[in-house]
Amino acid sequence: MQVKFAQRMTWPTLPTELRARLEACLGSAVVASSSQHGGFSPGSADRVLTSDGSRAFIKAVNSHLNEGSACLHAREAKIAALLPSSLPVAEFIGYVSWNGWEALIFADIDGDSPALPWKKDQLELVLDAVSGMAEKATGRFMNELPTLDAELREDFQGFARMLSENFVPSDPWIAANMVELNDLALCGATALSGNQLVHSDLRSDNLLINSDSTVVLIDWPWASRGAAWYDGLTVLIEARIYSPGFDVDHWLGSHELFNSAKPEAVNAVLAGLAGFYVDAARRPPIPTLPTLREYHAKQAAAAIGWLKQRLNG
């Protein structure tokens, strides 16, 4: 299965003044750049080489192009400044906000995103990294983050929104069970209460694995406090997008990350996510994020298929 990502801007197409401000943060002029694939933002995402031989990763977007993406960049800048270097994250170098542009600079990570479809060895590395991060992430910076249950409570009312609008999904199983699915979904956010660091938007293009198998989590605008197994669950949903027969329940039952995830809690969170994805996929396309609705539909199919399998035994 192929997933369509956004057509990004590139470093050379950014305004001259913005590039000059970013180079001032770097302390050296950019002499080469390589645009990176993945994600749904129309903004830039470039690995750059400077005249002094150093490397960095820069991403930038303009609020006139997509206000939501610009707000997320600004939000991520605040979070990136909080995250300790002991965590598996890229070093935060600098931030430029200029004339509607929001741009962030990170240390370049010499690694690649996990292969798709997901491979078992890389999945294990990622789940290990998330589990280890949950143990290491302590300190006052955690109090600066929103709670995951509060962040997801509105999202998890997708089935409620469809019921209130008398919308009938094309999937007959969803249509026949929507009231029960809504009741289940409304328990999902509470099931994710906790005090662990959660990335909250984890998928392959927000991960890098380097040559020594070290995993780095990137793109942190949605960081929150909650149950760390949520990150593992969203990765498993992505695994089902690319391979519907992927044995996701094996990982739920065998990896330590999911030790605190009770079956009924997993079902509630899957229902909450499924409702969000189905509800989002039916909405009109977003002109500046043209591939997002199609991806929501793929997420919906993966989450619903898994939930149906769990509920029907």
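- Ion pairing between D249 and R310 holds under the 4.0 Å rule for side-chain N and carboxylate O.
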Dump the intermediate steps for side chain to side chain donor-acceptor pair (under 3.5 Å) on S204 and S113, then the final yes or no.
CA-CA 6 Å; S204 57; S113 294; 6.0 Å; no
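- Under the 4.0 Å criterion applied to side-chain N and carboxylate O atoms, E124 and K120 are not assigned as salt-bridge partners.
- Annotation: side chain of V48 is not in contact with side chain of D108 (no heavy-atom distance under 4.5 Å).
- The aromatic rings of W251 and H255 lie tilted to each other, with the angle between the two planes from 30° to 60°.
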Check the pair E165, R282 against salt bridge (charged side-chain N to carboxylate O under 4.0 Å, His left out), reporting the backbone distance first and the verdict last.
CA-CA 12 Å; E165 297 171 19; R282 73 188 177 102; 2.8 Å; yes
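- S63 approaches A70 most closely through the heavy-atom pair CA-CB, 3.7 Å.
- One finds the CD atom of E154 at 9.5 Å from the CZ atom of F276 (value rounded to the nearest 0.5 Å).
- To the nearest 0.5 Å, the span separating CE on M133 from OG on S86 amounts to 11.0 Å.
- Heavy atoms only, all atoms of each residue included: F141 and L87 are closest at CZ-CD1, 4.2 Å.
- A donor-acceptor pair under 3.5 Å is formed between the side chain of S164 and the backbone N or O of R161.
- Side-chain N/O atoms of H296 and D279 include no donor and acceptor closer than 3.5 Å.
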Before giving the answer on side chain to side chain contact (heavy atoms under 4.5 Å, CB included), spell out for V266 and E264 the whole-Å C-alpha distance, their side-chain angles and the decisive distance to 0.1 Å.
CA-CA 5 Å; V266 172; E264 58 271 24; over 6 Å; no
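- Taking each heavy atom of D149 and S193 in turn, the nearest pair found is OD2-OG, 3.4 Å.
- The aromatic ring centroids of H199 and W222 lie 6.0 Å or more from each other.
- Distance check, rounded to the nearest 0.5 Å: CD of Q309 to CD1 of I304 gives 13.0 Å.
- The 12-atom threshold is exceeded at CD of E180, counting heavy atoms of other residues, nucleotides or ligands nearer than 6.0 Å.
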Side chain to side chain contact (heavy atoms under 4.5 Å, CB included) between D112 and I209, worked out:
CA-CA 5 Å; D112 297 301; I209 303 176; over 6 Å; no
Please lay out, stage by stage, how K119 and D121 fare under the test salt bridge (charged side-chain N to carboxylate O under 4.0 Å, His left out).
CA-CA 6 Å; K119 293 178 169 46; D121 59 337; over 6 Å; no
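- Salt-bridge annotation for E23 and R19: absent, with no side-chain N of the basic residue lying under 4.0 Å from a carboxylate O of the acidic one.
- Few gaps surround CZ on R283; more than 12 heavy atoms of other groups in view lie less than 6.0 Å from it.
- V89 is not listed as a side-chain neighbour of F106, based on a closest heavy-atom distance of 4.5 Å or more.
- Contact check for R240 versus I237: no side-chain heavy atoms found under the 4.5 Å cut-off.
- The two atoms that bring L207 and P114 nearest to each other are O-CD, 3.7 Å, heavy atoms only.
- Contact of the L311 side chain with the N267 side chain is registered, since non-hydrogen atoms from C-beta on lie closer than 4.5 Å.
- Side-chain contact between I241 and Q299 is present, with heavy atoms from C-beta onward closer than 4.5 Å.
- Taking every heavy atom of both residues into account, M162 and P169 meet most closely at SD-CG, 4.4 Å.
- L202 places none of its side-chain heavy atoms less than 4.5 Å from the side chain of Y230.
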Mind running side chain to side chain contact (heavy atoms under 4.5 Å, CB included) on L148 and S200 for me, showing each step along the way?
CA-CA 8 Å; L148 181 60; S200 304; 3.6 Å; yes
Run Y95 and E76 through side chain to side chain donor-acceptor pair (under 3.5 Å) and show every step you take.
CA-CA 10 Å; Y95 166 56; E76 184 179 3; over 6 Å; no
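- At least one donor-acceptor pair closer than 3.5 Å links the side chain of D46 to the backbone N or O of W11.
- Inter-residue side-chain proximity for M9 and L14 is flagged as met; some heavy-atom pair is nearer than 4.5 Å.
- S28 places a side-chain N or O within donor-acceptor distance of the main-chain N or O of S51, the cut-off being under 3.5 Å.
- Under the 4.5 Å side-chain heavy-atom criterion for Ile, Leu, Val, Met, Phe, Trp and Tyr, F92 and I218 are members of distinct hydrophobic clusters.
- Looking only at distances, no side-chain donor or acceptor of N177 sits under 3.5 Å from a matching main-chain atom of L181.
- A heavy-atom distance below 4.5 Å is not found between the side chains of F246 and P117.
- In terms of modelled atom types and a separation under 3.5 Å, the side chain of E102 and the main chain of H73 share no donor-acceptor contact.
- Salt bridge annotation for R153-D155: absent, with no cationic side-chain nitrogen under 4.0 angstrom from a carboxylate oxygen.
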Go through T10 and S35 one step at a time and tell me if the side chain to side chain donor-acceptor pair (under 3.5 Å) criterion holds.
CA-CA 6 Å; T10 61; S35 181; over 6 Å; no
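- The two atoms that bring L184 and A268 nearest to each other are O-CB, 3.5 Å, heavy atoms only.
- Hydrophobic clustering (ILVMFWY, side-chain heavy atoms < 4.5 Å, transitive): V198 and F258 are in one cluster.
- F57 and W220 are not part of a single hydrophobic cluster, where members link through side-chain heavy atoms under 4.5 Å apart.
- Tested against L197, the residues V130, L145, T138 include a single side-chain contact (heavy atoms from CB on, under 4.5 Å) partner, L145.
- Taken from CG in N206 to CG in D219, the straight-line distance is 4.5 Å, to the nearest 0.5 Å.
- How far CD of E151 is from OG1 of T147: 7.0 Å, rounded to the nearest 0.5 Å.
- For the pair D110 and R55, the salt-bridge criterion is not met [side-chain N within less than 4.0 Å of a carboxylate O].
- Judged by distance alone, the side chain of Q196 and the main-chain N or O of R225 form no donor-acceptor pair under 3.5 Å.
- No more than 12 heavy atoms of other residues, nucleotides or ligands shown are found within 6.0 angstrom of CG on N195.
- A distance of 4.5 Å separates CG of L116 from OH of Y242, quoted to the nearest 0.5 Å.
- In terms of hydrophobic clustering, with Ile, Leu, Val, Met, Phe, Trp and Tyr side chains grouped at heavy-atom distances under 4.5 Å, L72 and Y295 are assigned to different clusters.
- We find that R75 and E144 are not joined by a salt bridge, their nearest charged nitrogen and carboxylate oxygen being 4.0 Å or further apart.
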Assess the residue pair S243 and W118 against the criterion (side chain to side chain contact (heavy atoms under 4.5 Å, CB included)); give the C-alpha distance rounded to whole Å, side-chain angles, the decisive distance to 0.1 Å, and a yes or no.
CA-CA 8 Å; S243 180; W118 273 88; over 6 Å; no
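- A continuous path of hydrophobic side-chain contacts links V248 to L233 [ILVMFWY only; heavy atoms under 4.5 Å].
- With hydrogens and angles ignored, the 3.5 Å screen pairs a side-chain donor or acceptor of D247 with a backbone N or O of H250.
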